[in-house]
2 protein chains.
Amino acid sequence: MSVPLHFVVKTRLVEVVEGLGEGAALPPERVLAKEFGVSRWTMRQAIRELIADGRLRARQGQGTFVATPKLVQPLALVSYTEALRAQGHTPAREVVDFDELAADAVLAEKLGIAEGEPVHRLERVLFADGQPIGLETTYLAVERFPTLKEVLDPTGSLYRCLTDQLGVRFGEGEELVETVIATPREAELLKATQSLPMLLLHRTSRDTTGRPIEAVRSLYRGDRVGFRATLRP
Amino acid sequence: MSVPLHFVVKTRLVEVVEGLGEGAALPPERVLAKEFGVSRWTMRQAIRELIADGRLRARQGQGTFVATPKLVQPLALVSYTEALRAQGHTPAREVVDFDELAADAVLAEKLGIAEGEPVHRLERVLFADGQPIGLETTYLAVERFPTLKEVLDPTGSLYRCLTDQLGVRFGEGEELVETVIATPREAELLKATQSLPMLLLHRTSRDTTGRPIEAVRSLYRGDRVGFRATLRP
DNA sequence: AAGTGGTCTAGACCACTCC
DNA sequence: GAGTGGTCTAGACCACTTG
């Protein structure tokens, strides 16, 4: 048993998947388990890994289907909308929350303000071709952008609003990427199942004078999205 | 049951973990399950997620322990050794394989050679402070670097060898980041458990004339490593 | 030998979707 | 109502580490 059974099943299941076209339906878990001669738990373990790898997609009450390839998002200070459109996809946003709160120590540090000062919080679900792929939460100091709530169309591009209407000039930024497991709330907003690995991206942007503009926390579905960075020596 | 039981358990377990110090041992799974009044499966699900999040670390036959914070690796064309040392950690490498093979279509395309031509493959496990954190596989065209096998100390820095001894000057590079599930072989080399989410990084480097140098596939343990990128507008 | 985490089974019920 | 994926239980055995 040095190689777990569920991996053997996964390997054989990959061959089945490759024999099917994108979007094709797989037989039900219970049927597959019987065909492969394993328990449903083992079958689900194999399927879960193929879902995490982005090769399958499960829809409760409907079935499991062969997935389309992952999207690739640039790790760059560009508009989400433009980046996606450039790849031939249809972007969309949905506002979950747009309110104010008091900065905790970590957030205050990132935004260069004192703890307890008010910050805007804009939380939006990002879509590509009608499918939710990410949850983006942006924090900006109220002191620095007092008119944001009147000026910004929350369904539009924040980046455009800041540069075009508020005269902000983006300078350097720093991004951190890691994998995490989504909370139930996040999974629900992204229409994902529990315990799916996500890509968590933390960004802090500064203007050309080095002053902090925003702190962003973006959670992307690991089964649907990857990142691309262009490196300069 | 809109919130899964294992998440409730996870939330309560986090509080327990926060009350302990780094490296402290958790009670055995069976004991925790009984204390929380859930089955061992549910307990393991909660623990597995905390492991994926990098907050716990399981060692078979020993127990489960509170983990140390994740490392942060730069997404940049710099030496792995130097990057790690700059953060106060001790780097090491272990050669798994150093041989030649014929390029398949994808690899040939990346390296700018014809399919079937020979390429060097150097596969190494990367360590930080004695712990395996990544598996790096580098491919270079034999035609371009015919003396590599004689010149390179495979336990040393490839980057240094190329720049200092072979006169290569690195230009632009492109990196792709995504999450995947490790194969049993990869998991074993990284001393990780099955079905742990990994960060997969694909890099192709070019010299200052735009000619391909190397194709690299790096698999990092998602529970121990994150990436940092500095953005320029 | 004892105790730990890792894998697997058989069976149950829930939540959701479609007919 | 029937069928799907999602969660959970109780119990078993395996693989590994330590005394």
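As the structure is a prediction and not an experimental result, all values here were calculated from the model.
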Rounded distance in Å - CE (A:Met43) to P (D:dT7):
17 Å

Round to a whole Å and report the spacing from CG of A:Leu196 to C1' of D:dG6.
14 Å

Are side-chain N/O atoms of A:Gln73 and A:Arg228 paired as donor and acceptor at under 3.5 Å?
no

Side-chain atoms of B:Val38 come closest, of D:dT9, C:dG6, C:dT9, to D:dT9

Looking at B:Phe65, is B:Arg59 sitting on its ring face, NZ or CZ under 6.0 Å from the six-membered ring centre and within 45 degrees of the normal?
yes

Polar contact flag, side-chain donor to acceptor under 3.5 angstrom, B:Thr68-B:Glu22:
no

Taking the side chain of A:His6 as its heavy atoms from C-beta onward, which of C:dT7, D:dG5, C:dG6 lies nearest to it?
C:dT7

In whole Å, I'd like the distance from the CZ atom of A:Phe7 to the C1' atom of C:dC8.
17 Å

Select from A:Thr42 and B:Val31 the residue whose nearest nucleotide in DNA chain C is closer to the 5' end of that strand.
B:Val31

At less than 4.0 Å, is any side-chain N or O atom of B:Thr64 found next to OP1 or OP2 of C:dG5? Yes or no.
yes

From the set D:dT9, D:dG5, C:dC8, return the single nucleotide nearest to any side-chain atom of B:Trp41.
D:dT9

Backbone N/O of B:Thr183 and side chain of B:Glu186: donor-acceptor pair under 3.5 Å
yes

Minimum heavy-atom distance between A:Ala103 and A:Glu115, given as atom pair plus value:
O-CG, 3.6 Å

Is there a donor and acceptor pair, one atom on the side chain of A:Arg40 and one on the base of D:dG6, closer than 3.5 Å?
yes

Please check this pair: side chain of A:Arg221 against backbone of A:Lys191, looking for a donor-acceptor N/O pair closer than 3.5 Å.
yes

Check the interface with nucleotides 16-18 of chain D: list each N/O to N/O pair with the protein under 3.5 Å, or write none.
from	atom 1	to	atom 2	distance (Å)
D:dC16	O4'	B:Gln60	OE1	3.4

In whole angstroms, how far is the C1' atom of D:dG5 from the CZ atom of A:Phe65?
10 Å

Rounded off to whole Å, could you give me the CZ-to-C1' distance for the A:Arg59 and D:dG3 pair?
16 Å

Calculate the interatomic distance between A:Arg44 atom CZ and C:dT7 atom P; express it in whole Å.
17 Å

Among D:dG5, C:dT7, D:dC8, find the nucleotide with the atom closest to the side chain of A:Pro4.
C:dT7

Using whole Å, report how far CG of A:Leu5 lies from P of C:dT7.
11 Å

Send over the distance from A:Leu56 CG to D:dG5 P, rounded to a whole Å.
11 Å

Contact class for B:Arg30 vs. all strands (heavy atom < 4.0 Å): base, sugar-phosphate, or nothing?
base

We want to know whether B:Glu214 and B:Thr138 form a side-chain donor-acceptor pair, criterion being a heavy-atom distance below 3.5 angstrom.
no

